[in-house]
Amino acid sequence: MEVATSSVLVLPYTASSVGVARRRLIGDLTQAGVYEGTACDAGLVLSELISNALRHATPLPGKTVKVEWDLRQDTVAVAVSDGGGETVPMVNEPTTWSIGGRGLGIVARLSLRWGVCVDDAHWESKPPAKADGNGNGHCPSDPGPGETTVWAELPARYGRPATLVSASSRDA
């Protein structure tokens, strides 16, 4: 069976798309030999990015959101593109009693780096030496006109899943 190491999904701009994308990503990563914990972290990050797009941005044409991932040798990159919003996504510092506002903080903690691409401008959370917030940062794909892409890059750890052995087969 061939395992998809990269994928682009155009999904409806609805809450049900979060679970669809997360399950597909985790399935693809685990079939490619990525540790379950790493796949689940990537799934959580993707879920947060899609949820933020649904909550704070407008849909792409056709009332859709675009979801991408790319598994590389040492990293997995995930990206979500939407029609943009009134503000640029950023990590908040919510109070302990705040109901929301923690999503990009979770993304930042689990990711090696993350960023935002709006038209020609790219911002990166942990900029490389040359990134200046004016189009010189990293963006996994070129956003179309009026499109905002929020992306994250996570470490990819590989290994075989543990094989469970029952007591009766050990004693045989």
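Side-chain contact between R72 and D70: present, with at least one pair of heavy atoms (C-beta onward) separated by less than 4.5 Å. When side chains are defined from C-beta on, L71 counts as touching Y158, because their heavy atoms get closer than 4.5 Å. Two residues are said to be in side-chain contact when any heavy atoms from C-beta on lie closer than 4.5 Å; T75 and P155 fail this criterion. Side-chain contact between S81 and V65 is absent, with no heavy atoms from C-beta onward closer than 4.5 Å. Inter-residue side-chain proximity for K66 and V8 is flagged as met; some heavy-atom pair is nearer than 4.5 Å. At least one side-chain heavy atom of L46 sits less than 4.5 Å from a side-chain heavy atom of V80.
One N or O on the side chain of T30 and one on the backbone of G27 form a donor-acceptor pair closer than 3.5 Å. In this structure, T38 contributes its side chain and V34 its backbone to no donor-acceptor pair below 3.5 Å.
By the side chain to side chain contact (heavy atoms under 4.5 Å, CB included) test, R23 pairs with V20, sequence neighbours left out. Not a single side chain to side chain contact (heavy atoms under 4.5 Å, CB included) links T58 to another residue, sequence neighbours left out.
Under the 4.5 Å side-chain contact rule for hydrophobic residues, L29 and V18 share a cluster.
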Enumerate, atom names and distances included, each donor-acceptor pair closer than 3.5 Å involving a side-chain atom of residues 9-17, sequence neighbours excluded.
unit_1: Y13; atom_1: OH; unit_2: A53; atom_2: O; d: 2.9
unit_1: Y13; atom_1: OH; unit_2: L54; atom_2: O; d: 3.4
unit_1: Y13; atom_1: OH; unit_2: A57; atom_2: O; d: 2.2
unit_1: T14; atom_1: OG1; unit_2: S16; atom_2: OG; d: 3.0
unit_1: S17; atom_1: OG; unit_2: P12; atom_2: O; d: 2.6

**Request:** Go through S7 and R24 one step at a time and tell me if the side-chain contact (heavy atoms from CB on, under 4.5 Å) criterion holds.
**Result:** CA-CA 9 Å; S7 192; R24 174 87 179 271; 3.4 Å; yes
